[in-house]
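Accompanying notes for the structure given below.
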Amino acid sequence: MKYILEVNELRKEFKDFTLDNISFNLEPGYIMGFIGPNGAGKSTTIKLIMNLLKKNSGEIKVFGKDHIKYEKEIKDRIGFVYDQNYYYEDLTINQMKSIVASFYSRWDDAQFNYYLKEFNLNPKSKIKTLSKGMKMKFSLAVALSHHADLIIMDEPTSGLDPVFRREVLDILYDIIQDENKSIFFSTHITTDLEKIADYITFINNGKIVFSKSKDEIMESYAIVKGGLELLDGDTRNKFIGLREGKFGFEGLTDDIAGLKNTFGDKILIERASLEDIMVYSVRG
Amino acid sequence: MLAILKKDLILLFTNKRDILFMIFYIPFLIFIIDSYEPKWLYLAIIVSYTYITSLSSFYHDIDGKSKYILNSLPMTRDRIVLYKYISIFVYFFVTLVYVGAYLWIINATGLKIVDYFNLEMALKAIPIIMIFTSIVFPSYLLFEPRIAQIIHMVIFLSFFIGMVNLGSLGDKSFIKMIGIFQGNRMLILAIILYLASLIISIKLYRKKDL
């Protein structure tokens with residue numbers, strides 16, 4: 001099995017939105033960050049992978065197998081964390097655990113108790129009394145307690161304080177030390193991805209903008225700053241997105257060499273962050 | 001099957017609304033259905049309890065927000081629907097035990113003379129429950145929840161009115177006159193409806209966007 005997750009030409013049509021034949025792959029042992037603005041299609045893609053939505057066309061393979069034909073076997077090896085709590089609010093952590101555990105063939109109580117301790121969760125607390133962060137911790141504890149080989153997460157760090165966010169990232173990093181496991185997670189907080197992601201898939205308006213290794217992305221994009229007099233019809237085209245102020249411009253480019261040749265030392269070239277790439281690409 | 005059953009039973013005994021329903025619904029029915037034959041009251045209680053608990057569990061998992069969790073666990077959609085259909089029989093037995101104990105206590109206190117177990121009525125309840133769920137379950141998959149709720153209400157209220165009618169008029173009641181409870185016709189109809197409904201629900205749920 002070359003890829004742990006393969007998405008090929010995946011299409012889903014809604015009345016006012018289309019996920020437009022998207023494709024990307026994730027190899028075992030890596031973390032892939034899935035970024036894009038609100039409404040870009042991140043949650044739709046995750047729901048399609050989890051078979052919560054039915055695709056119009058395309059193919060999804062998990063662990064090299066069709067995600068519907070081998071649904072039970074595949075989901076036994078997936079840990080999931082969603083952007084909000086869908087667990088039964090009236091139950092305690094222990095009651096919910098007892099329900100979920102019965103579905104998994106490799107549920108590990110010791111592991112679950114370890115995470116409860118790590119996350120300071122009281123097993124007797126009712127889920128509805130937990131804060132948003134605590135609910136996310138509980139979801140994460142469940143996702144990590146049945147020896148899943150693929151962890152799929154939809155905005156897992158949103159609403160969490162920086163200390164716990166870092167804690168989560170450290171845990172995820174530990175998980176992929178096992179080279180057979182992978183993590184696929186969507187997020188708005190691109191700085192989290194800069195810390196731990198190996199691959200970034202950027203989706204905008206239902207289309208994949210890129211799906212590449214983080215290093216490749218960081219090398220191919222740059223923020224360029226310079227005076228307004230440098231901009232004309234031709235040079236503007238070299239920017240993916242451009243912001244013009246009174247005293248000069250700042251723009252994102254993937255033609256670093258071309259701009260260096262044209263402007264020489266009249267421009268300042270800086271490293272682009274993932275946030276820069278996302279914001280300029282979306283805004284233009 | 002056992003995992004989903006365990007989930008349903010834990011939920012049944014932890015949800016405040018369900019607990020209140022379980023405690024107060026029997027006195028409510030005793031008050032509403034003033035029958036000279038306790039067996040009709042028993043039938044009404046068994047059918048109502050089994051139907052409501054089955055529907056509540058079905059609705060939670062198929063259309064409530066917890067559907068995302070259930071469908072993300074290692075289980076196929078076909079199995080989820082199949083288990084929901086089978087679980088009405090489990091709920092039926094849970095109801096027999098619970099209602100039996102509850103009515104026995106009422107009997108023992110002498111507040112009212114009620115049947116706490118009646119095999120004839122228990123057997124009559126099964127096809128009624130099967131028919132009700134066979135109509136209502138797929139309507140939750142086919143229509144938006146509001147319309148499905150209306151279908152549920154129409155069916156449940158019709159049953160209720162029928163029971164009040166039967167309880168108060170006995171042999172002269174409309175239900176008796178049309179002979180719904182006579183012979184095996186109802187059971188055969190229930191089995192055909194139940195199987196057709198199961199197949200339709202499996203097909204609908206397979207294609208449903210959650």
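The chains referred to below are lettered A, B, ... by the order of the sequence lines, with proteins before strands, and numbering in each begins at 1.
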Most chain B-contacting option - heavy-atom pairs closer than 4.5 Å, from A:E71, A:M96, A:H146 = A:E71

task = Report the option among A:Y88, A:F80, A:Y104 that has the most heavy-atom pairs separated by less than 4.5 Å from atoms of chain B.
result = A:Y88

ask   = Between A:F202 and A:F34, does the ring centre distance come in under 6.0 Å?
value = no

request  = Measure from the ring center of A:F119 to the ring center of A:F164 and say whether it is less than 6.0 Å.
outcome  = yes

key: Whether A:F138 and A:F112 hold their rings parallel, tilted or perpendicular, with breakpoints at 30° and 60°   = perpendicular

query = For chain A, which residues of residues 76-94 of chain B have at least one non-hydrogen atom nearer than 4.5 Å to it?
reply = B:T76, B:R77

key: Ion pair check, A:K54 and B:D209, cut-off under 4.0 Å   = no

query = Does the pair B:K7/B:D61 count as a salt bridge with the N-to-O cut at 4.0 Å?
reply = yes

inquiry  = Among B:I10, B:I4, B:L70, B:I69, which residue has the highest count of heavy-atom pairs closer than 4.5 Å to chain A?
reply    = B:I69

query = For A:T92, is it the side chain, the backbone, both or neither that has a heavy atom under 4.5 Å from a heavy atom of chain B?
reply = neither

query = Given that the side chain runs from C-beta out, which part of A:L53 has a heavy atom under 4.5 Å from chain B: side chain, backbone, both or neither?
reply = both

key: salt bridge (Lys or Arg N to Asp or Glu O under 4.0 Å) contacts in which one or both residues fall within residues 130-154 of chain A, not counting sequence neighbours   = A:R77-A:D149, A:E89-A:K135, A:R106-A:D149, A:D149-A:K181

message = When you compare the side chain of B:L20 with that of B:Y25, does any pair of heavy atoms fall below 4.5 Å?
response = no

Cation-pi check, A:K12 onto A:F14 ring (under 6.0 Å, within 45° of axis) = yes

